[in-house]
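Lettering of chains follows the sequences in order, A, B, ..., and the numbering in each one begins at 1.
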2 protein chains.
Amino acid sequence: MATAPGDKPWRPVQGARASGEIVEQIRKAFFGGMMPGDRLGTESDLAEQFGVSRITIRDAIRSLEAQGIVTVRVGAGGGLRIAESDPDRYADALSIQLHLMGITWEELTEAMRSVEPSTAGLAARHASGEQVARLRGLVDDAHAALDDAARFTDLALDFHLAVAEAAGNRAIRAFLRSLRSAQHMKFEENTSREVAERVARMHGEILDAIADGDADLATSRMNEHLALVVSHPGKSDEHLCVPLTQ
Amino acid sequence: MATAPGDKPWRPVQGARASGEIVEQIRKAFFGGMMPGDRLGTESDLAEQFGVSRITIRDAIRSLEAQGIVTVRVGAGGGLRIAESDPDRYADALSIQLHLMGITWEELTEAMRSVEPSTAGLAARHASGEQVARLRGLVDDAHAALDDAARFTDLALDFHLAVAEAAGNRAIRAFLRSLRSAQHMKFEENTSREVAERVARMHGEILDAIADGDADLATSRMNEHLALVVSHPGKSDEHLCVPLTQ
DNA sequence: AATGTCTAATCATCATACATTAAGGGTGAG
DNA sequence: CTCACCCTTAATGTATGATGATTAGACATT
């Protein structure tokens, strides 16, 4: 990679931890082609192979586990395995960073307006009948929850996420999923019955376009919808993130 | 969140590890409002407060550290602190998940086509003079590297990332940054001198639109650019991800 | 065929000890 | 007075050994 602006000429030799070295080696092996389910041996095996104590290996394992690379199972036949993929873990990593950096309302809504319209277009092309049915269910439920702000907000955000799911693109879905924790609290506090009715109606129209397979219409309707939704500005310098419910 | 279809009535009782419990408690405190730099005490402090041994605390710490929530410093006055934000760590989390799920060429290019055009539009509105200068530098360098496929690819991808940076939205930037590792290998192998010339020219035109502050033009030019770029299909069922260079 | 039981493998946790690192203060030379 | 150096001290990093808890699989029982 070419040097980006602001990159330091060298990064501090911070690690020098044996466990960090082990993490790096296993990460390399992982990206070198290991796949979910592959076994990596037991704590003792690895301790012996790397020539360190079990404590050090455990440190490395906890780190790899938190990164979502390996899973650990106890008992006979247990040990380390390459993990199955878990999109929510990635979404979680983003909420942590969003909290640390203190994402603003403006950044959040810009991101939504950048991604979601074209996502609706993809959904119109790719959505399965089952996914359309799920969308319809969410819209119907939302109509029935117009007076319950918290529940309505949940359902409305679920609708947006379901659109991302219907788009059939896991990278996009993961990104939108990761914005969810930041969205929730801000949108709930702006939800009145009037707003809820309009949101529910627009969601229905977006759904119709998706069900018809009309990508352009779905895109433009989602675009209009977001233009209205984000016109209720939140406080821009406040931290918005809460932990994802697990 | 409302119950998604396919959710099991109850999820398997996993872990029940003491260290996991500690991780959860500290995560809650973190999202409850702790900010970078806040001290959390020492290993021994925490071991006493949670009523567990140092080993258990260390397991929890390694996990929190890998999640990017805390940093650890040794020596007098050391201990746990809430970490500074590090967007690259998040990008890294995504590349792990992309590798595990085996993202396809189609998903990758769809994601780019969904996000980057509007990102170029944001850049046209928000880019500082310094950021425009950086973009121009990258375009010039790319013109000088038309025959060096690897270097040209680096510079071209840096251009796209610099556009995201100029857009001034850290959420979008983090997302595009995280796609980078998947992009690199696929684009390099399709780069001929002919393709490189066209890419460099289009980058220059996108830059001009950004420099002029013409958001619509920047958006449409980026859109056209990507339409061409992704017309070189890679193998769709192959794993594309490699670890980010650190 | 389904259920209960034993056993070995393996991680989770604890206790203790020593090594290594870094911050801060004290000391002496210039 | 200032600077370089060393020493103390606080804290993590690593090692060793032991015990308890959990699991898979083989085997026995209903």
*asked:* From CD of B:E48 over to C1' of C:dC14, roughly how many Å is that when rounded to an integer?
replied: 16 Å

_With A:R113 via salt bridge (charged side-chain N to carboxylate O under 4.0 Å, His left out) - residues at least two apart_ = none

*In chain order, what residues pass the salt bridge (charged side-chain N to carboxylate O under 4.0 Å, His left out) check against A:E116, with sequence neighbours excluded?*
none

*Scan residues 44-55 of chain B for pairs that pass salt bridge (Lys or Arg N to Asp or Glu O under 4.0 Å), counting only residues two or more places apart or in two chains.*
B:E43-B:R54

*Let me have a per-nucleotide readout for nucleotides 7-20 of chain D, 5' to 3', with B, S or -, counting only protein heavy atoms under 4.0 Å.*
---BBBBBBBBB--

*For B:E110, what residues pass the salt bridge (charged side-chain N to carboxylate O under 4.0 Å, His left out) criterion, not counting sequence neighbours?*
none

Could you tabulate the donor-acceptor pairs under 3.5 Å formed by side-chain atoms of residues 60-69 of chain B, not counting sequence neighbours?
from: B:R62; atom 1: NE; to: B:E65; atom 2: OE1; distance (Å): 2.9
from: B:R62; atom 1: NH1; to: A:D59; atom 2: OD2; distance (Å): 3.3
from: B:R62; atom 1: NH2; to: B:E65; atom 2: OE1; distance (Å): 3.4
from: B:S63; atom 1: OG; to: B:Q67; atom 2: NE2; distance (Å): 3.3
from: B:E65; atom 1: OE1; to: A:R17; atom 2: NH2; distance (Å): 2.9
from: B:E65; atom 1: OE2; to: A:R17; atom 2: NH2; distance (Å): 2.8
from: B:Q67; atom 1: OE1; to: B:R27; atom 2: NH1; distance (Å): 2.8

*For A:L46 and C:dC11, give me the distance from atom CG to atom C1', rounded to whole Å.*
13 Å

